[in-house]
2 protein chains.
Amino acid sequence: MTQPKIRDYFQQTVAADPDLTPKQQAILQASLDLFAEQGFDHTSTSDIAQRAGVAEGTVYRRYKTKNAIREAVVAPIIDHIVPSLAADFTREELETKYTDLASFFRSVFANRLEFVNDNIKELKVALEMVFFTPGSREAMIQHVGPIVVDNIMGIFDDFKARHLMVDWPNDLIVQTMLSMLLGYFARVVMAIPPIDTQRELDYFVAMLTQAFTPKPENQV
Amino acid sequence: MTQPKIRDYFQQTVAADPDLTPKQQAILQASLDLFAEQGFDHTSTSDIAQRAGVAEGTVYRRYKTKNAIREAVVAPIIDHIVPSLAADFTREELETKYTDLASFFRSVFANRLEFVNDNIKELKVALEMVFFTPGSREAMIQHVGPIVVDNIMGIFDDFKARHLMVDWPNDLIVQTMLSMLLGYFARVVMAIPPIDTQRELDYFVAMLTQAFTPKPENQV
DNA sequence: TTCATAAATGAGTTACGACTCATTTAGTGG
DNA sequence: CCACTAAATGAGTCGTAACTCATTTATGAA
């Protein structure tokens, strides 16, 4: 399954905005690329202007501050990442295709691991902002929370109702899956690639399946 | 169990160095505090001098560049964090006290979760450096690898020999435990505290125990 | 073609941050 | 008390980065 990369999605989003002139679009694209390459703090507005092929004044015409640029860049990324993390399976899909946890986990993580592989730099930009930029955090949580709740929670409830998943709290199950993904991301970022994605996937599926498949004697 | 905080450990380490004058010690301490509060890039050398109560020239007497200060600050932190993550259980302890995985996980994570709770800011400094500062990564991995291998791997092999743990690759088991810890850290950082640590601990123990307790039919 | 409005320009301003160095102060052995 | 060295000082340099603004250039309706 070929996934669109964040950069491409960003390009499309930016191009679709009728308020943005071509130069303004170039500015946003250059900003994303430079933030991804060098980090926000080590990217100057003149860097951005140069990469975008415009004058520095043009950068400031629409965005009053450098921070405003970052917000304009990160917002659509978050808007893309979050839904792509919050898997949306239909009830029908769940009942017909996923008769056990293993196939469900495999289906979910196959996508997500590849998504991580394909978007490391852009994910770093987003993570850097979420982790190290106070203020944007709160807004993000407000924005993200409902989507996660609506989609993922329902899926888990479905599995639980069919007695295919242990009755642990949904938020902790989500946390676990995101933790594994975050750990994978960390490993990819820190170790020198290539990481054996297939091996990781097989392990994730086996481990999570064993962890969450109900056994009569285990409850919290 | 009361754990020493990174900041205190740092203070002691710095005070124990005979090459450092009191003012140089104050500079390092101020640097750690400011990096933790504001991040490295948003801390100026004049900030450091002011906080340490010295002249800016004094800051540059020993450390030729601002980056050298960061290295001097982060190195002992890493040296502290790593052993504290790599649990060192004696073989005797393992065989007498830990007759099942659950008590082992509880013992390990009780410490680690509290460690995270007590050192969030300092951990952010270290993480920021490891994740977002190329170059320091490689050195870190070289430095960290052997310790982890020597300690943790042996523990797992021990459990496996006693048929208390599934025979999955050690590196993936470590990855899983670190992922859970990283996820916990992320949750603490992002959500507005307080997080219910006890609830998380109980869940971690239950989930990991179920995941890693061997069942005849499951192998990778 | 003309006028009006928005977009773009880039030289300039201002502030601040990393780093230097001539000078002063503190410490120490004789 | 002196002489010598190391430690500390802080005013100053130099570069850079965010941001401004008077001016020019494109756009497009009348």
Side-chain angles (χ1 to χ4, degrees), chain A residues 14-75 125 128-129 132-136, chain B residues 14-75 125 128-129 132-136:
Chain A
V14 153
D17 189 335
D19 288 354
L20 294 174
T21 68
K23 301 217 170 189
Q24 297 295 338
Q25 295 174 17
I27 288 168
L28 289 180
Q29 188 68 51
S31 299
L32 169 59
D33 292 343
L34 287 168
F35 294 166
E37 288 169 22
Q38 314 174 347
F40 176 79
D41 284 323
H42 297 119
T43 301
S44 69
T45 50
S46 84
D47 285 344
I48 294 171
Q50 198 173 350
R51 178 73 68 96
V54 302
E56 201 171 349
T58 309
V59 173
Y60 281 93
R61 176 161 184 79
R62 174 169 292 259
Y63 305 102
K64 306 295 181 196
T65 68
K66 193 185 163 193
N67 256 311
I69 300 175
R70 166 158 64 178
E71 279 158 28
V73 166
V74 172
V125 176
E128 190 182 3
M129 177 143 189
F132 299 104
T133 309
S136 64
Chain B
V14 153
D17 189 334
D19 288 354
L20 294 174
T21 68
K23 300 216 170 190
Q24 297 293 340
Q25 295 175 16
I27 287 167
L28 288 180
Q29 188 67 53
S31 298
L32 169 58
D33 292 344
L34 286 168
F35 293 166
E37 287 169 23
Q38 314 173 347
F40 176 78
D41 285 323
H42 297 120
T43 300
S44 69
T45 50
S46 83
D47 284 345
I48 294 171
Q50 198 174 351
R51 177 73 68 96
V54 302
E56 201 171 347
T58 309
V59 173
Y60 280 92
R61 178 160 185 78
R62 173 169 291 259
Y63 305 103
K64 306 294 182 197
T65 68
K66 192 184 162 193
N67 256 312
I69 301 175
R70 166 158 66 180
E71 279 158 28
V73 166
V74 173
V125 175
E128 190 182 4
M129 178 143 190
F132 299 102
T133 308
S136 64

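Numbers restart at 1 for each chain; the letters A, B, ... are given by sequence-line order, proteins then strands.
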Practice problem: Please test B:Arg70 against B:Val73 for side-chain contact (heavy atoms from CB on, under 4.5 Å), starting from the C-alpha separation and ending with a verdict. | Solution: CA-CA 5 Å; B:Arg70 166 158 66 180; B:Val73 166; 5.7 Å; no
Exercise. Please list, by residue number, the residues of residues 23-32 of chain B whose heavy atoms come closer than 4.0 Å to an atom of DNA chain D; answer none if no residue qualifies.
Key: B:Lys23, B:Gln24
Self-check item: Contact residues, residues 63-74 of chain A to DNA chain D [heavy atom, < 4.0 Å]
Solution: A:Thr65, A:Lys66
Practice problem: Classify the nucleic acid contact of B:Thr58 as base, sugar-phosphate or nothing, counting any heavy atom under 4.0 Å across all strands shown. | Solution: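 B:Thr58: base contact, heavy atoms under 4.0 Å.
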Practice problem: Would you classify A:Val54 as touching base, sugar-phosphate or nothing, given that sugar-phosphate means primed atoms plus P, OP1 and OP2, and contacts are heavy atoms under 4.0 Å? | Solution: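 The answer is sugar-phosphate, as A:Val54 gets under 4.0 Å only of primed atoms, P, OP1 or OP2.
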Closest approach of [X] to [Y] (non-hydrogen atoms, all atoms of both residues):
| X | Y | value |
| --- | --- | --- |
| A:Leu20 | A:Val14 | CD1-O, 3.8 Å |
| A:Ser31 | A:Ile69 | OG-CG2, 3.4 Å |
| A:Val59 | A:Ile48 | CG2-CG2, 4.4 Å |

Practice problem: Could I get the full list of salt bridge (Lys or Arg N to Asp or Glu O under 4.0 Å) partners for B:Glu37, not counting sequence neighbours? | Solution: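 Listed in chain order: B:Arg51.
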Quiz prompt | DNA chain D: 5'-most and 3'-most nucleotides touching chain A, 4.0 angstrom heavy-atom criterion | solution = D:dA17 to D:dT20
Practice problem: Using a cut-off of strictly less than 4.0 Å between a heavy atom of the residue and any atom of DNA chain C, enumerate the qualifying residues of residues 34-42 of chain B by number. | Solution: none
Quiz item: Pairs in or reaching into residues 22-54 of chain B: which pass ring-ring contact (aromatic ring centres under 6.0 Å, His included), with residues at least two apart or in two chains?
Solution: B:Phe35-B:Phe40
Quiz item: Taking only residues at least two apart or on different chains, which pairs with a member in residues 44-67 of chain B satisfy ring-ring contact (aromatic ring centres under 6.0 Å, His included)?
Solution: none
Exercise. Just report the end-to-end axis angle for the helix from C:dT1-D:dA30 to C:dG30-D:dC1, five pairs per end, to 10 degrees.
Key: 10°
Quiz prompt | side-chain contact (heavy atoms from CB on, under 4.5 Å) between A:Arg62 and A:Thr21, intermediate numbers included | solution = CA-CA 10 Å; A:Arg62 174 169 292 259; A:Thr21 68; 5.8 Å; no
Exercise. Applying side-chain hydrogen bond (donor to acceptor under 3.5 Å, both in side chains), name anything that partners B:Gln29, two or more places apart in sequence or on another chain.
Key: none
Quiz item: What residues form a side-chain hydrogen bond (donor to acceptor under 3.5 Å, both in side chains) with A:Gln38, not counting sequence neighbours?
Solution: A:Thr43
Quiz item: With no hydrogens and no angle check, do the side chains of A:Glu56 and A:Thr45 hold a donor and an acceptor under 3.5 Å apart?
Solution: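 Distance-only check passes for A:Glu56 and A:Thr45.
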Considering only nitrogen or oxygen atoms on both sides, find all protein atoms under 3.5 Å from nucleotides 12-16 of chain C and state each distance.
none

Quiz item: What salt bridge (charged side-chain N to carboxylate O under 4.0 Å, His left out) pairs are there with at least one residue in residues 19-35 of chain A, not counting sequence neighbours?
Solution: A:Arg7-A:Asp33
Quiz item: Are the side chains of B:Leu28 and B:Gln25 in touch, meaning some heavy atoms are under 4.5 Å apart?
Solution: no
Practice problem: State the CG-CD distance between A:Asp41 and A:Glu128, to the nearest 0.5 angstrom. | Solution: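 Spacing of CG (A:Asp41) from CD (A:Glu128) equals 6.5 Å.
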Quiz item: Can a side chain N or O of B:Thr45 be found less than 4.0 Å away from OP1 or OP2 on C:dG17?
Solution: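 Answer no for this pair, as no side-chain N or O of B:Thr45 is under 4.0 Å from OP1 or OP2.
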